[in-house]
Amino acid sequence: MSVPDKFFGRYQLDKSENFDEFLSSKGVNWFVRQMIKLAGLTKVITQNQEAGKYNMENLTSKKNTNYQGWELGKTFEAPGLDGNQHQITFEYKDETLSEHHIRLNEPETSAETYFYTIDDQNQLVMRMENNGIVCRRWFKKVEQK
């Protein structure tokens with residue numbers, strides 16, 4: 001099992017659907033939601049130099065995360081965009097790359113999974129769900145810097 005080449009690249013956030021509602025359903029207050037929406041987001045997914053390992057960067061104007069050398073199905077610990085330490089596991093099945101997070105400071109209530117697919121316009125589509133609210137975010141592929 002490996003991540004297909006179509007996922008590799010640099011992707012810039014283009015549009016979102018139900019993102020404010022999704023954040024609100026998680027208890028994020030209005031002011032913080034506005035700051036998150038203004039921050040912008042670029043995702044970079046690459047193969048690591050070591051066979052069978054991958055990298056993912058989340059780049060914003062406020063904070064970045066850089067997950068280097070992860071393997072499908074193997075859990076690791078790293079800081080999330082919220083600044084908390086997370087347990088993170090990536091999986092790939094049914095044409096979907098998933099990224100599962102559990103915040104270590106509240107493991108019973110913090111599980112989240114982000115699902116990534118590539119649509120027919122070669123965009124990375126991220127799907128998230130919380131309390132029945134489904135959010136989608138579309139990222140356009142851009143040239144690597």
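These numbers come from the heavy atoms of this one structure, side chains and all, not from hydrogens, waters or symmetry mates.
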Roughly how far apart are N64 CG and L81 CG, rounded to 0.5 Å? 8.0 Å

Decide if atom NZ of K140 counts as having more than 12 heavy atoms of other residues, nucleotides or ligands within a radius under 6.0 Å. no

Kindly give the heavy-atom pair with the smallest separation between F8 and V3, and that separation in Å. CZ-O, 3.6 Å

Can you find a side-chain donor-acceptor pair between T75 and T89 that sits under 3.5 Å? yes

Residue pair M126 / E99, side-chain heavy-atom distance below 4.5 Å: no

Roughly how far, to the nearest 0.5 Å, is the NE2 atom of H100 from the CZ atom of F115? 9.0 Å

Any donor-acceptor N/O pair, S61 side chain to A39 backbone, under 3.5 Å: yes

I want to check something: taking the side chain as every heavy atom from C-beta on, are I45 and L124 in contact at a cut-off of under 4.5 Å? yes

Check: N130/K26 side-chain N/O donor and acceptor closer than 3.5 Å: no

Drop me the distance from E143's CD to R10's CZ, to the nearest 0.5 angstrom. 10.5 Å

In Å and rounded to the nearest 0.5 Å, what is the OG1 to CG distance from T65 to L59? 7.5 Å

Could you go through K6 and E95, starting from their C-alpha distance and side-chain angles, then the distance that decides it, and tell me whether this counts as salt bridge (charged side-chain N to carboxylate O under 4.0 Å, His left out)? CA-CA 10 Å; K6 67 182 180 180; E95 299 294 313; 2.7 Å; yes

Would the distance check show the side chain of T60 and the main-chain N or O of K63 forming a donor-acceptor pair, the cut-off being under 3.5 Å? yes

Looking only at heavy atoms, what is the nearest atom pair of G69 and K53, with distance? O-CD, 3.5 Å

Roughly how far, to the nearest 0.5 Å, is the CD1 atom of I88 from the CE atom of M56? 10.0 Å

Less than 6.0 Å separating the ring centroids of H101 and Y114? yes

Grab the two heavy atoms, one from T113 and one from S98, that are nearest each other, plus how far apart they are. CG2-CB, 4.0 Å

Determine, step by step, whether Q123 and F139 satisfy the side chain to side chain contact (heavy atoms under 4.5 Å, CB included) criterion, reporting the C-alpha distance in whole Å, the side-chain angles of both residues, the deciding distance to 0.1 Å, and the verdict. CA-CA 6 Å; Q123 293 184 104; F139 296 80; 6.0 Å; no

Kindly write out the residues that satisfy salt bridge (charged side-chain N to carboxylate O under 4.0 Å, His left out) with D82, not counting sequence neighbours, or none if the list is empty. R103

Do E21 and S24 get their side chains close enough for a donor-acceptor pair, meaning under 3.5 Å? no

Donor-acceptor contact below 3.5 Å, side chain N18 vs main chain F22: no

Taking it one step at a time, do R137 and M128 satisfy side chain to side chain contact (heavy atoms under 4.5 Å, CB included)? CA-CA 9 Å; R137 305 187 90 191; M128 307 174 280; 3.8 Å; yes

Could you walk me through whether T117 and L97 satisfy the side chain to side chain contact (heavy atoms under 4.5 Å, CB included) test, starting with their C-alpha distance in whole Å, then the side-chain angles of each, then the deciding distance to 0.1 Å, before giving a yes or no? CA-CA 7 Å; T117 55; L97 178 64; over 6 Å; no

Thinking salt bridges, do R127 and E129 make one under a 4.0 Å N-O criterion? yes

What distance do F19 atom CZ and R136 atom CZ have between them, rounded to the nearest 0.5 Å? 14.5 Å

Between N84 and L104, is there a side-chain heavy-atom distance shorter than 4.5 Å? no

Could you give me the CA-CA distance, side-chain angles and deciding distance for S25 and N131, then say whether side-chain hydrogen bond (donor to acceptor under 3.5 Å, both in side chains) is met? CA-CA 7 Å; S25 76; N131 291 330; 4.9 Å; no

Please walk me through it: do W138 and E17 pass side chain to side chain contact (heavy atoms under 4.5 Å, CB included)? CA-CA 9 Å; W138 286 264; E17 171 186 275; 3.7 Å; yes

Determine whether Y67 and F76 satisfy the following criterion, ring-ring contact (aromatic ring centres under 6.0 Å, His included), listing intermediate values before the conclusion. CA-CA 9 Å; Y67 307 139; F76 62 95; 5.7 Å; yes

With a cut-off of 6.0 Å (strictly less than), are more than 12 heavy atoms of other residues, nucleotides or ligands near CD of Q121? yes

Looking only at heavy atoms, which two atoms of Y54 and S2 are closest? And how far apart? OH-CB, 3.2 Å

Check whether any side-chain heavy atom of F31 sits under 4.5 Å from a side-chain heavy atom of M35, and report yes or no. yes

Look only at the side chain of Y92 and the backbone of M1, and say whether a donor-acceptor pair between them is shorter than 3.5 Å. no

Does atom NZ of K37 have more than 12 heavy-atom neighbours, drawn from other residues, nucleotides or ligands, at distances under 6.0 Å? yes

Option from V44, L41, I118, T42 for which side chain to side chain contact (heavy atoms under 4.5 Å, CB included) with Y11 holds: I118

Given the rule in the side-chain hydrogen bond (donor to acceptor under 3.5 Å, both in side chains) test, do N55 and E57 qualify, once you have shown the distances and angles that lead to the verdict? CA-CA 7 Å; N55 308 318; E57 296 175 82; over 6 Å; no

Would the distance check show the side chain of T96 and the main-chain N or O of D94 forming a donor-acceptor pair, the cut-off being under 3.5 Å? yes

